[in-house]
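To start, the structure under review is shown below, and the notes come after it.
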2 protein chains.
Amino acid sequence: MTLDELLKDRSEEAKSTYLSHISIDCVVFGFDNGTIKVLLVRMKGKRHWMLPGGFVENHEDIDDAAIRILTARTGADKVYLQQFATFGKKDRSQAFFKQSPALWHAQRFISIGYFAMVDFNQVIPVADDISDKCEWLPLQELPALAMDHSTILSKALKTLQTQVNYQPIGLNLLPQEFTLPELQKLYESILGRTLNRGNFYRKIMALDILEKLDEPRKGGAHKAPNLYSFNVKKYNEAFENGIYDRW
Amino acid sequence: MTLDELLKDRSEEAKSTYLSHISIDCVVFGFDNGTIKVLLVRMKGKRHWMLPGGFVENHEDIDDAAIRILTARTGADKVYLQQFATFGKKDRSQAFFKQSPALWHAQRFISIGYFAMVDFNQVIPVADDISDKCEWLPLQELPALAMDHSTILSKALKTLQTQVNYQPIGLNLLPQEFTLPELQKLYESILGRTLNRGNFYRKIMALDILEKLDEPRKGGAHKAPNLYSFNVKKYNEAFENGIYDRW
DNA sequence: GCAAAAGTGTTAGTTGTACACCCATGT
DNA sequence: ACATGGGTGTACAACTAACACTTTTGC
């Protein structure tokens, strides 16, 4: 089936299942090998990548809808999700389906943006039946996205940056066990600048949110770095009202 | 006409004019006599006050809809408006019109929240035809609001507080001409604590955003305070990337 | 004279920032 | 030996916070 046939097939069902005019788009951040990556999908027969998204069921909280959409795309439960803005310019979405104006997908949508931070290693990207791809793309080398999705993504990133002291970045983007250099590189990636190692060390230690594990990370060249994990209770307490630091 | 009759009268027109399931609610802040006030409306025959709100026309940007709604309620153009969150719990709105489930107003709404800062003295609150009141109420003595509007208002206030260094508070909430004690009281009201006068004076002066007017404010008892106005160009430059201060 | 407003001085304590030094350890 | 990681010292600049003193001025 072509994309149009598929969508037509779904249109009637969608009309009775979902709230009209409302969509959800998710900006999913992951951290892999020192690089921030974003989860993107590509519809069958379309050239542009887009943010994973979906719709809100008639009797569903929008937060629950975002969780449902994200879980379907990542296989990960307990993803950290936060609404950051709603996009509603009058011509933001219809043009993408202008060939088939009768489709459910071709109506005007106002999209609620959520960003997510997930452990890259826990995610297995899953394409749905109207997409042929669902992949991690590095934030630094993104192509132009469909519709206004580049705008949405930029806004998500900016929100994350300005809320760096209030968002549980490390806890959600790093694996269970990690090293201090990894944590520092994560913050450097998000802030877009390098940080002084010694000062970073003292700041993190002063927060008292880390637990040093017995075993260092083995295998690499050079000295094996210490492994740490977060003390989740202390971590959440520290970030509850924002850590008091300017980085 | 009763409220129900009025709403029924409008239902058909609303269905063809507005996007379904989407509403806009505005939290309008004003500053009067040392006190933060919020603009609220009360529907005919309803007990609870609510936020002024409205709907999005089929071919209208949501930001434009918010401006239209606000202008109708305040008579003020050029209001400072900013979207801050979207509220979409499944049961947040229908209960308010449970007696008349067929009405346009009784459908499920997802509401986009905007907050506004306006010059109290430039606003003449205007009730619309389904409301019997539209008034300023002091933030410190608010009654319980209809639906989830207390939640929406709290979120708006918290957003304003956490963005105090990024929001043009003084420029939008104060009249054209104002005194330093007034400006200080405004910040104290929003932050919820007193500030040291001497230090406040130096901070504001260091920002270099004020212009001292020739004439002091006359008429009061005691020494007449100096009048100032903002240098809008310098003001906007200073706030563009957030002023760097913790207050 | 009183009380509010305006402007400045001072000081102690805290933070930010930038370096620099030393040790540990896996290859 | 070398490169990376871990940990600490230090020193200056900048800023915060709290007080206090003085002058101005309308009534």
Side-chain angles (χ1 to χ4, degrees), chain A residues 33-34 161-162 164-165 170 174-175 177-189 191-231 238 241-247, chain B residues 33-35 164-165 170 174-175 177-189 191-230 238 241-247:
Chain A
N33 198 18
Q161 284 170 340
T162 60
V164 104
N165 287 345
L174 290 177
E177 304 183 351
F178 54 90
T179 67
L180 272 187
E182 285 167 358
L183 182 59
Q184 182 173 348
K185 281 203 192 78
L186 172 58
Y187 273 92
E188 288 178 341
S189 302
L191 294 170
R193 61 191 175 89
T194 59
L195 299 171
N196 179 284
R197 189 186 56 79
N199 296 338
F200 182 84
Y201 175 86
R202 265 174 295 214
K203 278 179 185 176
I204 288 292
M205 288 308 168
L207 288 175
D208 187 28
I209 56 176
L210 292 185
E211 280 177 1
K212 193 172 180 172
L213 304 182
D214 294 339
E215 295 294 309
R217 166 159 299 165
K218 304 179 174 178
H222 317 303
K223 178 183 176 184
N226 294 344
L227 279 174
Y228 293 87
S229 66
F230 289 112
N231 178 322
N241 293 307
I243 59 174
Y244 210 56
D245 229 320
R246 283 177 181 167
W247 300 99
Chain B
N33 198 17
T35 310
V164 110
N165 287 346
L174 290 177
E177 304 183 351
F178 54 89
T179 67
L180 272 188
E182 285 167 358
L183 181 60
Q184 183 174 344
K185 280 200 193 82
L186 171 58
Y187 272 92
E188 289 177 342
S189 302
L191 295 170
R193 61 191 176 89
T194 58
L195 300 171
N196 180 282
R197 190 187 56 79
N199 296 336
F200 182 83
Y201 175 86
R202 267 174 293 215
K203 277 180 186 175
I204 288 292
M205 289 309 169
L207 288 174
D208 189 29
I209 56 176
L210 293 184
E211 280 176 1
K212 193 173 181 171
L213 304 181
D214 293 338
E215 293 295 308
R217 166 159 298 167
K218 303 177 175 178
H222 317 304
K223 179 184 176 185
N226 294 344
L227 278 174
Y228 293 87
S229 66
F230 289 112
N241 293 307
I243 59 173
Y244 210 54
D245 229 320
R246 284 180 180 166
W247 302 97

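Every value quoted in this text rests on a predicted model; they were computed, and no experiment measured them. Labels below follow one simple rule: chain letters A, B, ... track the order of the sequence lines, proteins then strands, and each chain is numbered from 1.
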If you compare every side-chain N and O of A:Y201 against the phosphate oxygens of D:dG6 (OP1, OP2), does one of them come in below 4.0 Å? no
Under 3.5 Å donor-acceptor pair, B:N226 side-chain atoms to C:dA5 base atoms: no
Which nucleotide in the set C:dG26, D:dG5, D:dG7 lies at the smallest distance from any side-chain heavy atom of A:P181? D:dG5
B:N165 CG - D:dT16 C1' separation (whole Å): 14 Å
The side chain of B:K223 lies closest to which of these nucleotides: D:dA17, C:dA18, C:dA6? C:dA6
Close side-chain approach of A:K203 to A:N196, heavy-atom, < 4.5 Å: no
Just the rounded figure in Å: distance from C1' of C:dT17 to CZ of A:F200. 16 Å
Comparing B:L180 and A:N199 on DNA chain C - which has the more 5′ nearest nucleotide: B:L180
So, under a plain 3.5 Å distance rule, would you say the side chain of A:R197 forms a donor-acceptor pair with the base of D:dG6? yes
Would a 4.5 Å heavy-atom cut-off, applied to side chains only, mark A:Y228 and A:T179 as touching? no
Residue B:P225, side-chain heavy atoms: nucleotide from C:dA24, D:dG7, C:dA5 that is nearest: C:dA5
Heavy-atom side-chain contact between B:F178 and B:L210 under 4.5 Å: yes
Mind calculating the distance between CG (B:N196) and C1' (D:dT16) to the nearest angstrom? 10 Å
Quick check: does any side chain N or O of A:E211 sit under 3.5 Å from a backbone N or O of A:S229, one acting as donor and the other as acceptor? no
Below 4.0 angstrom from OP1 or OP2 of D:dG7, is there any side-chain N or O of A:K212? yes
Output the rounded distance in Å from CD (A:Q184) to C1' (D:dT4). 13 Å
Hey, is the side chain of A:R202 pairing donor to acceptor with the base of D:dG6 inside 3.5 Å? no
